[in-house]
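In what follows, a single structure is set out as structure tokens and then discussed.
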Amino acid sequence: MIAELVSGALGLVLYLNTLGADFCYDDSRAIKTNQDLLPETPWTHIFYNDFWGTLLTHSGSHKSYRPLCTLSFRINHAFGGMDPWSYHLVNVLLHAAVTGLFTNFSRILFGDGYWTLIAGLLFASHPIHTEAVAGIVGRADVGACFFFLLSLMCYVKHCSTRSYSTSTWGWILGTGLCAGCSMLWKEQGVTVLAVSAVYDVFVFHRLKMNQIIPSIYKRKNLSLFFSIGLLTFWGTALLGVRLYWMGNKPPSFSNSDNPAADSDSFLTRTLTFFYLPTKNLWLLLCPDTLSFDWSMDAVPLLKTASDWRNLHTVAFYAGLLLLAYSSLKSSSNKSECNGKTVMNGKQNTNGHSCHSDMEYKSLELKSSFASKEENGIKKPVIQRPQLPSTENIVLLSLSLLIVPFVPATNLFFYVGFVIAERVLYIPSMGFCLLITVGARSLYVKAQKRFLKNLIFYATAALILFYGLKTVVRNGDWQNEEMLYMSGIKVNPAKAWGNLGNVLKSQSKISEAESAYRNALYYRSNMADMLYNLGLLLQENSRFSEALHYYKLAIGSRPTLASAYLNTGIILMTQGKTEEARRTFLKCSEIPDENLKDPHAHKSSVTSCLYNLGKLFHEQGHYEVRMKFSLPMQTSTLPLPTLQKSPYNK
């Protein structure tokens, strides 16, 4: 257990500097303004609303159904209110627990040597995890990974006990329950069932591709196919229930969230979607440039076949296919154990068996039976298992890297992002295993002690650099100003716009105006930034300029009710009552379909009706006023004079 404790401790220590951080970016909507966290809201609402507090069946819902994560936020709120310290503490502890679990799973693959520790340390220190751990909403990914690993380890136990023990059914039940919990933390958690199937076929049974079909026809390994059938049934059931619960409709996103999905060109969509996994792999390999947001033009679209980035795409898929093919085709019985080459379970140096030294009862890989006679009675004797070969580990690592990432590839449905670093939290386990098994293979093949030491110290240096990068990147997540400043290089439009909101809240009016104008320089049709700039100008009595930007915002997004509201208010102050009346009326007729935040929209519409009623009252049209103000008698919504944009993230 030393490796688990050391790696878990490193995962804890590296993120201690996040405990003093504030709420940042998506934390505001998921926590600070989420009504599902409040004690007066029935807790059952969590199971009917999405991650952001919108009714799951609403047309504007994000369809992110993560009730267990939201429930953890509510528990945080019950004990610590809106103090971000307790939220960050839970994230850090959860990451440390996941790191320990991952290290324990690595022990199944690498045994008790230092390669298990190296795999755990790589995962603990990888900088790609900073968004998931330092950003509070990233808890969805960390929690999903926790139950993902529990489900996978339950299935490992099921594989090792199904041939001799009735307890195997308890393990398969645990596999299904933990997979369901993982999915209720975040959608991609359900992919653990597919990874478990890969483990059973290629690691536990060590079948080759050309052996699978004959095994079915010859009715060999029936227990294997029965287990795979259970995994398939449970996965299909989970996905079916989730699709039904979200109203049998996919979510809709704005074109800025995923520009490639909005492109009319089939070639552009295809080239870009094929390239994006390559970019994600590069972030895992070299996490030098990280950003809180990769939407809009952060990754320019690939519009032609002559784009040089297509070479990266070709190299990525060629390498991936070659690695998978070589692992599937290999028929060698050679494996490696703690840095020594072994043949058929024997070390080539001294002849001792290559087995894990851990107690057999914990997470063994495969059980075989011999027979010994005791007091005249033959009893089965369980022999301790061999460790998986390098090829087996590579296949499992590839499945851990690829399968959990598939939902983010736009292959089955469009997603609301271009790249999201926290989505790589689970796939990074496969990456860390690949790096570890690759380093171990090089170490074994190296003939000279100098080369062995070089490989070992290079791996240690990688862990060190990853850890330093993690600590530095955590500093960017201390507050929103530092976070948005760090993102200007990658996504200047979004970063400058959000930075403008922060500067404005600090009463730095001129700096905020400059930030908004910088954002519009990079992307001139952002309705949110046009609106926020108009609001800033209006609050500083520059009404004509504000009116200009409100109209531009409405032209960019005709459903932005808050822009209509403030336009009408300015027109009223300028004595243009008829134009103000038409503006308020138009605002009141905007439906809340396909809107990110229908609650804020309803607040703006209600305020429009209030101001319209006030306008009619001033004109002496009391009967008309009564018609529009009646809903206000039972409304508990606030009536702001100026309405801030709800889409400032």
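Position 1 is the first residue of the sequence; numbering continues from there.
- When atom types are taken as modelled, the side chain of Lys157 and the backbone of Thr168 share no donor-acceptor pair closer than 3.5 angstrom.
- Aromatic ring centroids of Tyr466 and Phe123 lie 6.0 Å or more apart.
- Taking the side chain as every heavy atom from C-beta outward, Tyr414 and Arg269 approach each other to under 4.5 Å.
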Asp476 vs Phe292, side-chain contact (heavy atoms from CB on, under 4.5 Å): CA-CA, chis, key distance, verdict: CA-CA 9 Å; Asp476 294 334; Phe292 71 97; over 6 Å; no
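- Side-chain atoms of Ser306 and Thr304 form a donor-acceptor pair, as typed in the model, at a separation below 3.5 Å.
- Taking the six-membered ring for Trp and the full ring otherwise, Phe316 and Phe274 have centroids separated by 6.0 Å or more.
- The structure places CH2 of Trp477 at 5.0 Å from CG of Leu483, a figure rounded to the nearest 0.5 Å.
- Closest non-hydrogen pair, Thr470 versus Ser125, comes out as OG1-O, 2.6 Å.
- Side-chain rings of Tyr15 and His129 stay apart, their centers remaining 6.0 Å or farther from each other.
- Residues Tyr155 and Phe204 form no side-chain contact, since every pair of their non-hydrogen atoms from C-beta on lies 4.5 Å or further apart.
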Assess whether side-chain contact (heavy atoms from CB on, under 4.5 Å) is satisfied between Leu290 and Glu131, documenting all intermediate values. CA-CA 9 Å; Leu290 300 175; Glu131 182 179 6; over 6 Å; no
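- Side-chain contact between Tyr65 and Phe47: present, with at least one pair of heavy atoms (C-beta onward) separated by less than 4.5 Å.
- The backbone N or O of Ser326 sits nowhere less than 3.5 Å from a side-chain atom of Glu391 that would complete a donor-acceptor pair.
- Phe105 has its side chain within reach of Val156: a pair of non-hydrogen atoms, C-beta onward, lies under 4.5 Å apart.
- His95 places no side-chain N or O within 3.5 Å of a backbone atom of Ala132 that could act as its donor or acceptor partner.
- From Trp52, atom CH2 reaches atom CD1 of Ile31 across 9.0 Å, with rounding to the nearest 0.5 Å.
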Can Leu284 and Leu401 be said to form a side-chain contact (heavy atoms from CB on, under 4.5 Å), step by step? CA-CA 10 Å; Leu284 287 170; Leu401 176 67; 3.8 Å; yes
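- Arg242 places no side-chain N or O within donor-acceptor distance of the main-chain N or O of Met183, the cut-off being under 3.5 Å.
- Formation of a donor-acceptor pair under 3.5 Å by the Asp257 side chain with backbone atoms of Ser295 is not found in this model.
- When atom types are taken as modelled, the side chain of Thr236 and the backbone of Thr232 share a donor-acceptor pair closer than 3.5 angstrom.
- Here the CD atom belonging to Gln188 is positioned 4.0 Å from the CD1 atom belonging to Ile426, to the nearest 0.5 angstrom.
- The backbone N or O of Leu271 sits nowhere less than 3.5 Å from a side-chain atom of Arg309 that would complete a donor-acceptor pair.
- With Ser327 as the partner, the side-chain contact (heavy atoms from CB on, under 4.5 Å) test is satisfied by one option alone out of Ile393, Leu322, Leu395, Thr390: Leu395.
- Here the side chain of Asn280 pairs a donor or acceptor atom with the backbone of Leu276 at under 3.5 angstrom.
- Within 6.0 Å of CH2 on Trp171 lie no more than 12 heavy atoms contributed by other residues, nucleotides or ligands.
- Within 6.0 Å of the CH2 atom in Trp234, the count of heavy atoms belonging to other residues, nucleotides or ligands does not exceed 12.
- Put simply, the side chain of Tyr484 does not reach to within 4.5 Å of the side chain of Ile488, judged on heavy atoms.
- Within the 4.5 Å cutoff, the side chain of Thr191 has heavy atoms near those of the Phe148 side chain.
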Assess the residue pair Ser7 and Phe102 against the criterion (side-chain contact (heavy atoms from CB on, under 4.5 Å)); give the C-alpha distance rounded to whole Å, side-chain angles, the decisive distance to 0.1 Å, and a yes or no. CA-CA 9 Å; Ser7 58; Phe102 172 73; over 6 Å; no
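- Rounding to the nearest 0.5 angstrom, the gap separating the NE2 atom in His158 from the CG atom in Leu230 is 7.0 Å.
- Side chain of Ser196 to backbone of Leu152: no donor-acceptor contact under 3.5 angstrom is found.
- The nearest pair of heavy atoms linking Leu560 to Ala527 is CD2-O, 4.1 Å.
- Minimum interatomic distance between Arg206 and Pro388 (heavy atoms only, all atoms of both residues): NH2-CA, 3.7 Å.
- No donor-acceptor pair closer than 3.5 Å links the side chain of Thr54 to the backbone N or O of Asp50.
- Rounded to the nearest 0.5 angstrom, Ser61 OG and Met246 CE are separated by 7.5 Å.
- Under the 4.5 Å side-chain criterion, counting only non-hydrogen atoms from C-beta, Leu283 is in contact with Trp294.
- The structure places CG of Asp36 at 12.5 Å from OH of Tyr48, a figure rounded to the nearest 0.5 Å.
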